[in-house]
Amino acid sequence: MHDIKYIRSNPEEFDNHLNRRGLDPMSEEILSIDKARREKIRKAENFRAGLNQQSKQAGLAKSKGSLGEFERLRASISNTKEDAQKLEQEASKENRKLEGLLLTIPNLPSPDVPVGSSENDNVEIKRWGEPTKFEFAPVEHFEIPAVKPGMDFTTAAKISGSRFVILSGSIAKLHRALAQFMLDVHTEENGLQEVWTPVLVNPETMLGTGQLPKFAEDSYRTEEGKWLIPTSEVPLTNIVSGLTVDEDYLPRRYCAHSQCFRSEAGSAGKDTSGMLRQHQFEKVEMVSITKSSESENEHDRMLRCAEDFLERLKLPYRTVVLCTGDMGFGAKKTYDIEVWLPGQEKYREISSVSNCGDFQARRMNARYRPKGVKTTNFVHTLNGSGLAVGRALIAVLENYQQADGGISIPDVLAPYLKGATSILPNGEFVDI
RNA sequence: GGAGGGGUGGCAGAGUGGUCUAAUGCACCGGUCUUGAAAACCGGAGUGGGGGAUUCUCCACCGUGGGUUCGAAUCCCACCCCCUCCGCCA
């Protein structure tokens with residue numbers, strides 16, 4: 001949500017930022033609605049002020065016993081009341097019109113975000129490790145012999161449809177181990193608070209983080225009008241919605257492990273094989289709520305938390321800054337971490353870490369009170385995957401595949417798998 | 001699902017038709033006192049919006065949306081949420 005006062009006093013700057021995102025200028029349309037809106041408000045409020053005056057006088061006349069005077073005023077107010085209501089309705093219509101428009105405009109990119117139109121314009125800022133070398137031709141995760149018994153797309157399609165999977169045995173356990181490992185590191189080393197949240201949320205919550213009103217088709221809605229979360233960023237960030245917190249309360253650092261649901265409308269035909277892109281997947285998410293002055297540092301900290309997992313798992317990755325055209329709706333700056341997938345011979349997104357500034361906070365009305373100041377400020381909100389569990393599973397499987405069709409297991413996961421060091425080509429754990 | 005109770009500022013909590021311009025307490029901010037702090041005392045302070053300007057003014061907001069009334073935090077209706085009990089249930 002954008003600050004109308006900012007647009008009013010900096011229309012060209014606002015349009016320039018939109019232009020960097022590849023969007024047409026909007027300030028003229030916005031300001032003309034704003035002008036009409038203020039005109040209606042002025043009329044309605046002046047009229048209401050007059051009525052309020054008369055009401056007061058009527059009450060006074062009645063208490064004094066001047067019944068004639070009271071009747072005269074009462075009649076006069078009755079006659080004009082409908083006019084007042086009409087004016088007020090017009091004013092509130094203009095208000096809704098302006099707000100409706102502002103809610104559909106994406107966040108303005110930070111000045112340091114590279115301008116571009118697609119993922120091809122993203123800028124690599126870091127590369128860690130070398131693409132894994134194999135003595136044989138590595139395959140995609142779903143082709144690995146050790147994986148096949150534990151990753152069943154056919155049965156999942158029967159009971160749910162396309163883009164679902166059933167994991168079982170060693171693969172299900174490895175998947176679970178990854179999530180546990182991430183949660184433990186976040187809570188024990190990164191200082192995040194573990195949170196378990198609903199995965200069904202109300203429309204206001206989806207509006208707060210920006211999924212609504214514009215991207216309704218990307219998520220699933222229940223018959224009662226609740227929404228399945230596409231990421232636990234949604235409930236985690238909305239924890240502070242509607243609140244004014246003391247400065248001391250910040251920063252809040254949350255993490256949650258949740259199911260995520262996405263309709264994947266618009267990605268038909270993309271990543272159709274394997275479990276890279278599913279309607280339902282698991283993700284460990286990080287969310288930070290900070291003071292406005294702290295969000296940039298927090299953004300870097302959060303990125304490090306995510307990168308660190310790949311280093312511990314010894315998975316090669318690169319980090320990119322998304323260009324203006326590839327950034328999500330609510331972000332002012334986003335880092336993507338892409339992990340090396342030997343089966344595809346590509347780096348693929350495994351984490352996205354965004355600073356939303358005060359964009360979501362305005363939508364959810366989340367503020368903090370700085371010390372020694374009377375006014376309140378909007379908090380800044382940040383979110384990042386740490387990590388996408390399903391994709392982490394894929395990355396481990398592909399990078400740790402062996403010539404015999406088995407899979408070795410990263411050292412850091414062994415404690416979560418009763419010390420198992422590998423999965424045999426038949427899908428059974430060794431040493432368990 | 002049924003019955004009952006409730007939702008008021010950052011928090012607690014009073015207020016059942018007319019100076020509510022929402023009491024009081026806590027927390028907060030400024031000041032006095034103090035070497036400093038605490039305590040005490042004095043004062044200030046809600047959120048959003050409109051107009052005019054830097055001394056101001058007006059409108060809206062007491063869960064949400066309607067309604068009654070000259071006038072609604074207060075009365076009526078619907079919905080949402082919370083609590084207690086009953087029923088059902090993982």
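Below, all heavy atoms of this structure are taken into account, side chains as well, without hydrogens, waters or symmetry copies. As the structure is a prediction and not an experimental result, all values here were calculated from the model.
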Q) How long is the line joining CD of E204(A) and P of C79(B), in whole Å? A) 17 Å

Q: Could you measure between the two P atoms, the one in A22(B) and the one in G10(B), and give it in whole Å?
A: 14 Å

Q. If we take the C1' atom in both C33(B) and A37(B), what is their distance in whole Å?
A. 12 Å

Q.
If I pick the P atom on G18(B) and the same atom on C75(B), what distance separates them, to the nearest angstrom?
A. 11 Å

Q | Set of residues satisfying salt bridge (Lys or Arg N to Asp or Glu O under 4.0 Å) with respect to R38(A), sequence neighbours excluded | A | D34(A)

Q) If we take the C1' atom in both G65(B) and A72(B), what is their distance in whole Å? A) 16 Å

(Q) Please name the nucleotide paired to G25(B) by Watson-Crick or G-U wobble geometry with both distances under 3.5 Å, or report none. (A) C11(B)

Q | Pairwise P distance for U19(B) and U35(B), with rounding to whole Å | A | 49 Å

Q. With both distances under 3.5 Å as the test, what is the Watson-Crick or G-U wobble partner of A40(B)?
A. U32(B)

Q: Tell which nucleotide pairs with G48(B), taking only Watson-Crick or G-U wobble pairs whose two distances are both under 3.5 angstrom.
A: C59(B)

Under 3.5 Å, which donor-acceptor pairs do the side chains of residues 40-47 of chain A form with other protein atoms, sequence neighbours left out?
unit_1, atom_1, unit_2, atom_2, d
K40(A), NZ, E90(A), OE1, 3.1
R42(A), NH2, E39(A), OE1, 3.4
R42(A), NH2, E39(A), OE2, 3.1
N46(A), ND2, R42(A), O, 3.3

Q) Is the side chain of N107(A) donor-acceptor paired with the backbone N or O of C356(A) at a distance under 3.5 Å, no angle test? A) yes

**Q.** G2(B) to A73(B) separation - P atoms, rounded to the nearest Å
**A.** 32 Å

(Q) So for atom CD, which belongs to E28(A), do other residues, nucleotides or ligands contribute more than 12 heavy atoms lying within a distance under 6.0 Å? (A) no

Side-chain donor-acceptor pairs under 3.5 Å in residues 262-269 of chain A, sequence neighbours left out?
unit_1, atom_1, unit_2, atom_2, d
R262(A), NE, P230(A), O, 2.9
R262(A), NH2, P230(A), O, 3.0
S263(A), OG, E217(A), O, 2.6
S263(A), OG, D218(A), O, 3.2
S263(A), OG, A265(A), N, 3.3
E264(A), OE1, S267(A), OG, 2.8
E264(A), OE1, R277(A), NH1, 3.4
S267(A), OG, E264(A), O, 2.9

Q: Taking atom P in both G71(B) and A23(B), compute the distance separating them and give it to the nearest angstrom.
A: 25 Å

Q. Nucleotide by nucleotide, 5' to 3', does protein get under 4.0 Å of the base (B), only the sugar-phosphate (S), or neither (-) in nucleotides 43-70 of chain B, counting heavy atoms?
A. -S--SSBSS------BBS--------BB

Q.
Taking only the P atom of each, what is the distance from U74(B) to U69(B) in whole angstrom?
A. 16 Å

**Q.** Mate of G87(B) where both pairing distances stay under 3.5 Å, Watson-Crick or G-U
**A.** none

Q) Pairs in or reaching into residues 191-210 of chain A: which pass salt bridge (Lys or Arg N to Asp or Glu O under 4.0 Å), with residues at least two apart or in two chains? A) none

Q. Salt bridge (Lys or Arg N to Asp or Glu O under 4.0 Å): which pairs involve residues 237-259 of chain A, sequence neighbours left out?
A. E247(A)-K291(A), D248(A)-K371(A), R253(A)-E298(A)

